[in-house]
K.L.:
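Take a look at this one; I'll ask things after.
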Amino acid sequence: MPALLTTRRRLLAGAAALAATPAFAATGQHNVTDAPVADTTSAADLVSPYGRHQAGITTPRPANGMVAAFHVLASDPSALERLFRRLTERIVLLTHGGPLPETDPKLPPPDSGILGPVVQPDALTVTVGLGASLFEDRTWLAPHRPRVLSRMTRFHNDALDADICHGDLVIQFCANTQDTAVHALRDIVKNIPDQLVLKWAQAGNVPVIPARPDAAPESARNLLGFRDGSANPDSEDAALMERVVWIGPGNAEPDWAADGTYMAVRIIRNLVERWDRTPLGEQERIFGRTKMSGAPLDRAEGTEAMVPDYAADPEGEAVPLDSHIRLANPRTPGSEESLMLRRPFNYVNGVLKNGQLDQGLLFIAFQSDLEKAFVAVQRRLDREPLEEYIKPVGGGYFFVLPGFAAGEDFLGSSLIAALSPTSQTSSQSIPGRPVTD
Amino acid sequence: MATPKPLSRRTTALALAGAGLLAAAGLGAFWFAARTNPPEVVEGEIAVTVTDTVCEPAELTVPAGRTTFRIHNASDRPLEWEILDGVMVVAERENIAPGLNSTLAERLKPGVYDITCGLLSNPRGKLTVLATAESEAAKAAPELRYFIGPLSEYRVYLSRRASELVAATATLSEKIAAGDLEGARAAWAAARQPWRQMAPVSARIGDLANSMDPLADYLAEREEDPAFTGFHRIEYGLWGQNSTEGLAPVAEKLAADAAALKDRLKTLDVAPADLAGNAADLASRVADQATGSQAPYSHLDLAEFSADLDGISKSALLVDPLVREADPAASEALVQALDAARATLDGFKVEGAMPAYDQVDEAGRQRLSEAFAAVAAAAAAYNPAIGLE
Amino acid sequence: MRFLTLAALGALAFGGQAYAQSEATLDLVGPISEYKLFVAEQVDQLVADTTAFVEAVKAGDVERAKALFAPTRINYEEIEPIAELFSDLDVAIDSRADDYEKAEQDPEFPGFHRIEYGLWEKNSTEGLDPVADKLLADVTDLQGRIEGLTFPPEVVVGGAAVLMEEVAATKISGEEDRYSHTDLWDFRGNFDGSRKIVELVRPLVDDEAFLATVDKNFATVDEILEKYRDGAGYVTYDNLTEEDRVVLAGAVNTLAEDLSTLRGKLGLD
């Protein structure tokens with residue numbers, strides 16, 4: 001069975017590559033974290049939900065994103081399959097768009113209607129991942145847990161708020177406009193209330209830059225004013241993505257997990273008032289880059305695309321040893337292993353009780369090995385000077401399901417197949433309700 | 001090709017940022033720190049923004065009929081938005097989280113309403129609903145659904161009266177069994193009240209009416225007639241013969257009939273036109289009866305007429321809110337006629353008590369008859385006013 | 001069950017509700033009148049229970065007042081769709097500290113929750129006498145006003161969903177009875193009130209699948225609440241496990257979704 005699925009997926013790989021829309025494809029060399037360019041997107045942009053991998057990972061990042069985490073109500077494999085099939089149906093519908101049906105005015109409308117009478121695709125991607133708790137709480141699912149999927153634990157500078165951490169299932173919504181992402185979330189909440197109970201959600205966005213035909217693509221800025229994603233691996237390099245992002249034979253993961261990926265989500269509050277009162281030189285030393293251009297400090301007159309030469313700067317005189325970029329990616333032979341594909345959004349939530357702005361980074365990163373990538377990088381970053389200005393408060397680790405094909409296939413079909421009686425080695429004595437933490 | 005303008009959207013959203021952590025609303029851990037846009041008004045929708053202190057706009061004017069309000073909470077607390085008619089809530093949306101929008105669609109009648117704006121201490125806004133040609137036309141022929149409430153209320157009224165009747169006839173039966181003449185007389189009078197209050201419909205349950213309330217005058221053998229049963233047979237014994245003798249089986253049968261009546265009323269269908277129609281019929285009957293006597297042995301007719309008036313008022317006034325919209329003069333006429341009839345009845349009181357009817361002279365009876373005739377005439381104008389005839 | 005295929009995509013549209021417009025009929029008269037009788041019984045009980053509660057408060061008997069708090073409120077919670085029609089009384093009887101600028105310290109903060117605050121947070125009945133007297137007067141006023149009210153059918157039928165929305169929006173988070181944590185009693189009242197309405201209109205609902213789902217979710221709620229029963233009532237809300245809260249939330253959200261169509265199904269808007 002897994003072999004069959006894999007073969008079919010291979011056939012689909014070509015289709016997945018074609019998924020990008022003309023709007024994204026036409027402008028040449030791009031990375032997921034390039035800032036969206038104004039007036040190049042359209043409500044008609046359609047990102048196919050089908051493919052060997054789920055959309056929304058190597059898909060160029062549109063202007064708006066949102067992460068929503070849910071509790072799952074599914075006490076046996078058939079309930080889980082039902083949930084996956086229902087999610088697949090909503091995803092296919094939402095990403096393709098279409099007209100709303102005529103509604104009996106006496107009944108609540110079946111759609112929120114916030115996008116008007118015709119739902120446009122608007123480059124919507126809906127990406128689904130599973131949390132460790134989903135597996136841990138269900139004995140029949142526990143043996144199938146991805147190898148390094150764990151519950152996110154506290155790092156040095158974290159002040160995690162339980163209300164915005166973890167989840168049995170996570171959905172990342174990305175779209176040209178926030179309304180499209182919100183519409184998709186509301187559609188899922190409305191249509192699957194008996195199996196998905198919302199736990200937390202965080203919306204974010206990426207600054208859009210004006211169109212400049214001859215300029216090199218720019219990384220978008222975070223709310224500290226620095227470019228974020230400058231050193232991201234090239235998402236159009238398929239071989240690199242196979243190594244950095246996608247689960248393959250080398251990852252020692254369960255068969256069903258092939259073509260999935262690990263997702264780290266972090267809600268990182270930025271203490272922006274304090275940051276704005278910090279001298280520019282100090283800000284730049286904390287990051288290791290110049291603020292305006294994004295060039296590494298050892299090439300201050302260069303561009304963000306330039307690679308710092310740490311060998312020539314062993315004492316960190318240009319790029320401090322404890323600067324963010326140097327700790328995160330020391331560019332040593334071993335550090336290659338900790339590459340990940342970042343896809344963050346900025347968030348603006350309003351004002352905290354103390355009267356300070358509640359703003360920050362909705363950090364999202366994908367990688368084929370969570371431990372070697374995000375966790376290792378974050379450990380290196382522990383106690384970095386930037387900690388004085390940021391406070392991670394929420395998020396979680398998730399395993400993003402492999403993609404699905406058009407037709408009878410559905411999201412998570414390989415996991416469900418692995419759970420089926422023929423491949424199940426454990427007994428049938430499944431308890432009615434899972435045990436919780 | 002649609003061209004979204006993300007920059008301007010974001011600018012608006014930033015200007016609105018101020019929701020803070022209070023955005024935590026809904027399901028316990030539900031934490032949806034949304035940056036939302038102010039209401040984008042769809043045609044036919046009315047946008048209202050509620051800030052920390054006021055509604056913007058604070059005064060709204062809409063045509064009668066169905067209106068959709070899009071409420072944007074620009075304050076930093078979850079809020080409730082209500083449309084009030086006096087103290088009555090016409091419609092409401094609860095728990096709109098800071099920064100979020102909510103829509104409320106409501107069918108509104110012409111009039112002036114209050115709208116709430118966040119904190120209870122904040123000034124209220126005003127909502128004026130203007131009549132339209134359609135709303136004016138609708139008044140003259142309200143849809144069937146507007147009668148569901150009044151008919152339900154009437155069924156509740158009947159159910160309550162029937163329960164009282166069951167209890168009171170049981171008491172009557174007990175007093176008679178105990179040979180307690182005074183107690184039995186008081187119980188008889190008490191049981192007559194709910195019976196007469198139900199008179200607009202009880203007459204329609206022919207078999208029970210015939211066994212519970214026949215008058216000797218209408219029977220071949222008068223008091224000696226074997227069909228002389230029920231209330232008046234007992235009245236005849238208690239007052240005409242000053243005795244409870246032989247009344248026990250009659251009282252038991254009456255109590256059993258009362259229980260049967262209660263059951264029958266549960267499923268009795270009263271039509272919209274019956275509410276004012278039955279009231280007019282009964283008022284007209286009372287106008288005729290007032291010149292004679294309905295309680296020939298006890299002479300408690302005035303108490304009976306008073307209960308009749310209760311029943312007539314309840315039944316007809318249930319459709320009064322509809323009539324008042326369609327034909328204010330007709331409404332006013334009935335209210336005045338009912339008040340006048342009540343005043344006429346009260347005018348007979350001697351030291352706070354109704355005298356025996358044989359103490360009321362011809363002129364008094366005539367006055368009473370005319371008062372009920374006026375009620376009958378005013379009630380008869382109700383159904384035509386609301387398209388029921 | 002049929003799932004999506006490419007071929008079906010063209011036919012698949014947003015939403016599943018059929019366009020089946022129906023008009024309200026006089027068949028509703030039975031259920032609406034039964035509902036009023038039900039509400040009248042509840043409010044009679046509310047007045048009786050509030051009388052005893054107020055006596056305990058005024059006697060300075062904190063323990064007895066605490067014991068009576070939740071069982072007294074339950075009748076109010078059960079009839080909330082009707083009770084909240086009287087905005088002045090709803091505010092006087094059941095508003096929460098959030099509704100006042102100075103929250104608990106606001107002299108205007110009245111009713112059940114003001115007394116709850118005193119009993120649990122201050123462990124005292126000090127200063128509560130006038131609040132208690134006012135509460136009883138308001139509850140008695142409510143009884144009279146309900147008696148005189150012609151029940152609007154759309155409020156009654158819509159009440160089934162309103163009660164579930166109420167639970168979903170403000171109760172499941174445990175913010176209703178935040179000082180006493182007696183929220184499970186209120187749940188019971190809200191669920192029973194909602195179920196009563198469903199039971200009354202059941203004969204008029206021509207949709208077996210809908211009724212089966214609603215019944216199943218009410219049964220789930222019963223099952224969860226039963227686990228937390230303590231004598232005639234319930235343990236405090238903080239005993240609810242995260243797992244049970246989630247199961248309860250799933251049932252409540254689904255009930256709120258499903259019951260939101262009840263008015264329309266019966267031709268009321």
Side-chain angles (χ1 to χ4, degrees), chain A residues 50 70-75 81-82 84-86 88-94 96-113 115 117-119 133 137 162-163 168 183 187 189-199 405-410 433-437, chain C residues 1-24 154 157-158 161 164-165 168 172-173 213-214 216-217 220 223-224 227 241-269:
Chain A
Y50 306 120
F70 298 84
H71 296 283
V72 165
L73 288 162
S75 52
E81 177 175 347
R82 182 160 167 267
F84 286 161
R85 287 183 180 273
R86 292 165 85 191
T88 307
E89 188 175 303
R90 297 325 299 172
I91 290 169
V92 170
L93 190 58
L94 288 163
H96 285 86
L100 300 183
E102 208 181 337
T103 307
D104 181 341
K106 290 195 176 69
L107 291 171
D111 183 89
S112 64
L115 299 181
V118 178
V119 174
S133 58
D137 298 347
D163 287 350
D168 294 338
H183 173 263
D187 180 274
V189 165
K190 184 174 180 65
N191 282 284
I192 318 185
D194 53 329
Q195 291 198 282
L196 290 179
V197 174
L198 193 55
K199 184 165 160 61
E408 297 299 321
D409 196 13
F410 59 95
R433 292 288 326 155
V435 182
T436 47
D437 47 349
Chain C
M1 197 185 293
R2 249 177 51 107
F3 290 100
L4 190 74
T5 63
L6 250 194
L9 182 60
L12 184 70
F14 284 90
Q17 293 293 342
Y19 194 87
Q21 194 158 2
S22 54
E23 287 298 329
E154 61 279 1
V157 175
M164 291 302 96
E165 289 291 353
I172 209 142
S173 54
T213 312
V214 168
K216 186 178 134 273
N217 283 302
T220 301
E223 215 173 282
I224 298 285
K227 288 166 71 172
T241 65
E242 174 73 354
E243 185 205 353
D244 284 338
R245 198 190 63 77
V246 170
V247 174
L248 204 52
V252 168
N253 291 345
T254 312
L255 281 167
E257 279 293 339
D258 288 346
L259 294 177
S260 70
T261 65
L262 195 57
R263 268 172 65 161
K265 281 188 195 308
L266 298 181
L268 293 163
D269 63 353

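Just so you know, these numbers use all the heavy atoms, side chains as well, and skip hydrogens, waters and symmetry mates. Residue numbers begin at 1 in each chain, while the letters A, B, ... track the order of the sequences.
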K.L.:
Quick check for you: to the nearest 0.5 Å, what is the distance between A:K199 atom NZ and C:E242 atom CD?
P.N.:
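Those atoms lie 5.5 Å apart.
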
K.L.:
Can you name the side-chain contact (heavy atoms from CB on, under 4.5 Å) partners of C:A251, sequence neighbours left out?
P.N.:
C:N217, C:T220, C:V221

K.L.:
Which distance, rounded to the nearest 0.5 Å, do you find between the NZ of C:K216 and the CG of A:D194?
P.N.:
6.0 Å

K.L.:
Looking only at heavy atoms, what is the nearest atom pair of A:P193 and C:E257, with distance?
P.N.:
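The answer is CG-CG, 3.9 Å.
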
K.L.:
Under 4.5 Å, counting heavy-atom pairs only, tell me which of C:L266, C:T254, C:V252 racks up the most with chain A.
P.N.:
C:T254

K.L.:
Excluding sequence neighbours, so at least two apart, what forms salt bridge (charged side-chain N to carboxylate O under 4.0 Å, His left out) with C:D258?
P.N.:
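Expected list: none.
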
K.L.:
Using every non-hydrogen atom in the two residues, find where A:L73 and C:V246 come nearest and quote the distance to one decimal.
P.N.:
CD1-O, 3.7 Å

K.L.:
Heavy atoms only: give me the nearest A:P108-C:S260 pair and the separation to one decimal.
P.N.:
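Heavy atoms only, the tightest pair is CG-O, 3.0 Å.
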
